[in-house]
*Asks:* 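Quick one: this structure, given as structure tokens, is what I'll be asking you about.
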Amino acid sequence: MEIDEILAGLDRLFAGKEMKKVEPYLQEHLKHAMEQGDASAVITIVNELIGFYRSMEQHEKSMFYCNQILSFMQMCKLEGTVPYATTLLNVATANRAAGRLAEAMEYYKEVESIYEGNLEKDDYRYAGLFNNMSLAYEADRKYGMASELLEKALPIIEKLGSQGRIELATTYTNLAACFLKWAEESGESAGRLKQAEESVEPADRLNQAEKPGESAGRFKQAEEYAKKAEVIFKQDGEKDYHYGALLSVMGELCLKKEAYESAASYYEKALLAIYENMGLTESFREAKRRLKEAYDRLGVSVPKKGLDLSREYYEQVGKPMLLEKFPAYFSQMTIGLVGEGSDCFGFDDEISRDHDFGPGFCIWITDALYEEIGTKLQEAYEQLPSVYKGCIRMTTAQGKGRVGVFKIGSFYRKLLGIPVIPDSLEEWAAVEEYGLAAATNGAVFKDSPNGFSIIREKLLSYYPKELWHSKLAREAVNISQSGQYNYGRMMLRGDVVTGEIAMGEFIKHVMSMVYLLNKSYAPYYKWMHRGIGRLSWGSEIGKLLEELALLPSQEQAWIDVGEEMSGMVNKRDEKAVLVEKICTLLFEKLKEEGLAEGENNYLEHHVGEILGN
């Protein structure tokens with residue numbers, strides 16, 4: 001494949017926001033170029049990899065390829081040439097992004113030296129050098145030198161005409177960011193700019209200009225450059241990560257001027273632009289922090305849980321759209337958030353919100369209604385804003401299809417394997433328990449008589465009694481076998497690894513029994529411990545299991561125990577003692593249910609009683 005075709009394919013990935021496909025795409029073509037001995041293609045592809053890793057803040061990978069490509073080009077005897085300088089500029093920028101400012105500046109100066117010996121003073125490549133070098137000076141808080149370089153780049157870019165419009169907008173953005181930081185560094189007040197603007201008549205405002213260094217002068221210059229960049233970006237319609245940088249600058253300017261509603265609006269748009277083009281980078285996190293500040297100033301509270309976010313998003317954004325576009329069908333829709341995902345269970349936190357999280361909700365309708373309006377309804381849903389109160393709807397391939405418009409039967413089939421309520425014991429037993437948990441979690445925000453909630457309520461009434469007893473008996477056997485029996489036998493043999501496996505099985509089956517005794521469906525294993533704290537007496541067992549998991553392996557406690565052991569319980573081993581304490585608690589709960597009697601806490605002994613009842 002020719003390098004032009006490779007770059008065209010790369011452009012398509014960027015245009016489609018398919019950032020996860022970029023690295024494997026480039027790596028595959030780099031491998032082929034190396035196998036074919038195509039030095040030119042190798043240099044081009046590695047430069048693209050360096051730029052990609054830089055933008056994604058994967059600095060270790062970026063530095064690795066920087067070192068590799070310079071060595072490769074020196075081996076090819078390209079040192080001192082313009083192509084070498086082009087790569088060197090990329091390497092310098094990667095070092096600057098990685099915080100290696102001294103190294104970056106050395107590279108920039110070498111690039112400038114090569115350019116001076118090979119290029120005309122107004123060559124467009126100087127503009128790229130000045131723009132990138134200015135960012136290094138800005139990072140080093142040398143704002144005067146940074147702004148001087150950017151202003152040198154402007155006339156060069158302007159000569160490019162329409163072909164250089166995005167580069168011009170980017171330079172204006174960099175100037176705005178530079179002057180904004182310079183103003184803050186020198187203690188200028190944006191509030192003074194706001195007061196000055198309010199005291200001037202609108203007709204005179206255009207003629208009012210302040211010099212840098214005067215009251216709010218640098219803030220005003222930052223604002224003017226930002227507005228110039230905004231005009232270009234809006235006219236050209238190109239919304240790459242440079243546009244996200246501009247939106248952040250606009251948001252910051254509004255924040256400094258106490259225009260908090262405008263600041264929030266800009267930062268919301270910035271979050272989406274940065275996320276779509278770069279992902280969850282530090283730029284994204286900083287924009288989110290600044291957006292929160294704007295919300296705090298406005299007195300806007302951001303829901304702390306995904307389920308609350310979903311409900312509010314539906315009420316404030318989704319419901320008005322549905323009433324406007326589908327008024328005749330609204331009464332036939334059941335709406336809420338149910339299904340897979342930590343937010344549906346209320347388990348979401350900062351760690352879990354890096355994927356498949358954000359503002360969204362489910363609309364459940366009958367097959368007949370779906371045939372009539374399903375496609376249009378889904379299209380209207382997809383046109384809803386994907387950013388709400390600083391939260392972006394982030395969807396992976398695995399999480400696709402968790403919100404939106406659903407046929408009722410198809411929704412339940414996906415979670416349960418069947419589209420209706422299980423009818424027989426065999427059907428109930430065939431359904432995975434975590435599927436039942438996912439089908440009955442979350443909340444219904446708006447109900448309707450379309451059948452969705454009839455199925456939901458039937459599932460919530462729990463397993464048939466016979467199956468419940470059968471499952472309890474199975475867990476009693478598993479708990480005894482793993483924790484009360486096999487753990488001790490493995491430790492006696494010195495097989496610590498298998499002993500730990502047995503302990504893991506014990507913990508999992510104990511949690512399953514806690515859910516069963518509370519007549520609550522257990523979620524997927526990674527949420528089981530998190531969930532038992534919500535159950536009656538579940539927190540007591542949960543704390544004991546956490547204590548058990550934190551105890552180190554105690555292999556030495558099992559050496560030469562001999563006749564000191566009572567059955568398989570070694571009282572020298574804290575884990576074994578905790579196992580017995582947990583089993584005693586479960587035994588007492590079984591007795592309360594009338595499913596066990598006597599004093600023997602070895603749960604397997606009570607299987608007959610559990611099944612007999």
Side-chain angles (χ1 to χ4, degrees), residues 47 50-51 54-55 82-97 101 104-183 185 211-212 217-236 238 240-250 252-253 283:
N47 270 292
I50 291 170
R54 182 193 73 237
S55 67
V82 172
Y84 181 77
T86 301
T87 295
L88 205 60
L89 177 58
N90 198 19
V91 169
T93 302
N95 275 267
R96 188 259 306 159
L101 298 181
M105 195 54 68
E106 287 293 324
Y107 289 131
Y108 283 132
K109 288 178 179 177
E110 188 176 350
V111 173
E112 189 172 22
S113 176
I114 295 172
Y115 280 0
E116 286 174 352
N118 293 277
L119 301 177
E120 297 294 329
K121 287 294 184 182
D122 60 350
D123 191 285
Y124 75 94
R125 281 167 282 198
Y126 271 106
L129 171 62
F130 295 154
N131 251 302
N132 285 291
M133 192 184 292
S134 74
L135 294 175
Y137 279 125
E138 183 184 307
D140 203 24
R141 297 163 68 178
K142 297 175 180 176
Y143 303 111
M145 298 175 76
S147 63
E148 184 179 336
L149 281 170
L150 289 167
E151 286 168 345
K152 283 174 67 176
L154 280 176
I156 299 173
I157 297 170
E158 286 169 349
K159 286 185 178 180
L160 296 174
S162 60
Q163 292 182 336
R165 286 180 60 78
I166 295 303
E167 287 80 1
L168 185 61
T170 301
T171 305
Y172 284 144
T173 299
N174 290 342
L175 274 163
C178 180
F179 275 106
L180 180 56
K181 291 177 183 177
W182 196 2
E185 184 82 7
K211 296 177 182 179
R218 294 190 185 109
F219 274 112
K220 186 147 187 81
Q221 284 195 284
E223 188 173 42
E224 288 173 354
Y225 280 127
K227 287 178 179 177
K228 288 180 179 180
E230 188 176 31
V231 168
I232 296 173
F233 277 122
K234 284 184 176 180
Q235 287 176 347
D236 287 42
E238 188 171 328
D240 62 3
Y241 66 93
H242 294 295
Y243 183 59
L246 168 67
L247 292 168
S248 291
V249 170
M250 296 294 286
E252 190 66 15
L253 283 164
S283 300

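Quick note: residue numbers are just sequence positions, from 1.
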*Asks:* Take a 6.0 Å sphere around CD of E120 and say whether it holds more than 12 heavy atoms from other residues, nucleotides or ligands.
*Replies:* no
*Asks:* State, yes or no, whether a side-chain contact exists between F233 and H242 at a heavy-atom distance under 4.5 Å.
*Replies:* yes
*Asks:* Please report the C-alpha distance between Y137 and M105 in whole Å, then the side-chain angles of each, then the deciding distance to 0.1 Å, and finally whether the side-chain contact (heavy atoms from CB on, under 4.5 Å) criterion is met.
*Replies:* CA-CA 9 Å; Y137 279 125; M105 195 54 68; 3.9 Å; yes
*Asks:* Do I114 and L119 have side-chain heavy atoms sitting under 4.5 Å apart?
*Replies:* no
*Asks:* To the nearest 0.5 Å, what is the distance between CG on L154 and CG on L168?
*Replies:*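 The CG atom of L154 sits 6.5 Å away from the CG atom of L168.
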*Asks:* At their closest point, which heavy atom of G144 faces which heavy atom of W182, and how far apart are they?
*Replies:*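 Smallest heavy-atom distance, with atoms named: CA-CH2, 3.7 Å.
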*Asks:* Show the nearest heavy-atom pair for residues I157 and A127, with the distance to one decimal.
*Replies:* CG1-CB, 3.5 Å
*Asks:* As an exercise, state the distance from OH of Y108 to CG of L149, rounded to the nearest 0.5 Å.
*Replies:*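 One gets 10.5 Å once the value is rounded to the nearest 0.5 Å.
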*Asks:* Heavy-atom distance under 4.5 Å between the side chains of L89 and Y115, does that happen here?
*Replies:*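 Yes, side chains in contact.
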*Asks:* Determine the minimum heavy-atom distance between L253 and F219, stating which atoms define it.
*Replies:*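 So the minimum-distance heavy-atom pair works out to CD2-O, 4.0 Å.
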*Asks:* I'd like to know whether V82 forms a side-chain contact (heavy atoms from CB on, under 4.5 Å) with R125, so could you lay out the CA-CA distance, the side-chain angles of the two residues, the decisive distance to 0.1 Å, and finally the verdict.
*Replies:* CA-CA 10 Å; V82 172; R125 281 167 282 198; 3.4 Å; yes
*Asks:* Considering only heavy atoms from C-beta outward, does the side chain of M250 approach that of E223 to under 4.5 Å?
*Replies:*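 No - every pair of side-chain heavy atoms lies 4.5 Å or more apart.
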*Asks:* Within the supplied structure, the quantity of interest is the number of heavy atoms (other residues, nucleotides, ligands) at a distance under 6.0 Å from E158 CD; does it exceed 12?
*Replies:* yes
*Asks:* Would you indicate whether the side-chain heavy atoms of N174 and Y225 approach each other to under 4.5 Å?
*Replies:* no
*Asks:* Show the nearest heavy-atom pair for residues C178 and A146, with the distance to one decimal.
*Replies:* SG-CB, 3.8 Å
*Asks:* Nearest 0.5 Å, please: how far is CG in L135 from OG1 in T93?
*Replies:* 8.0 Å
*Asks:* Kindly give the heavy-atom pair with the smallest separation between L175 and E151, and that separation in Å.
*Replies:* CD2-CG, 4.0 Å
*Asks:* Can D122 and Y126 be said to form a side-chain contact (heavy atoms from CB on, under 4.5 Å), step by step?
*Replies:* CA-CA 7 Å; D122 60 350; Y126 271 106; over 6 Å; no
*Asks:* For residues I232 and R165, report the shortest heavy-atom separation together with the two atoms involved.
*Replies:* CG2-O, 3.4 Å
*Asks:* May I ask you to test the L180-R218 pair for a side-chain heavy-atom distance under 4.5 Å?
*Replies:* no
*Asks:* Is a side-chain donor or acceptor of S113 paired with a backbone partner of K109 at a separation under 3.5 angstrom?
*Replies:*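 Side chain of S113 to backbone of K109: no pair is present.
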*Asks:* Using 4.0 Å as the upper bound for N to carboxylate O, is an ion pair formed by K234 and E230?
*Replies:* yes
*Asks:* Hey, mind stepping through E138 and M145 against side-chain contact (heavy atoms from CB on, under 4.5 Å) and telling me if it holds?
*Replies:* CA-CA 8 Å; E138 183 184 307; M145 298 175 76; over 6 Å; no
*Asks:* What distance do L129 atom CG and S134 atom OG have between them, rounded to the nearest 0.5 Å?
*Replies:* 9.5 Å
*Asks:* Knowing that exactly one of N47, N132, N95 qualifies, which makes a side-chain hydrogen bond (donor to acceptor under 3.5 Å, both in side chains) with N90?
*Replies:* N47
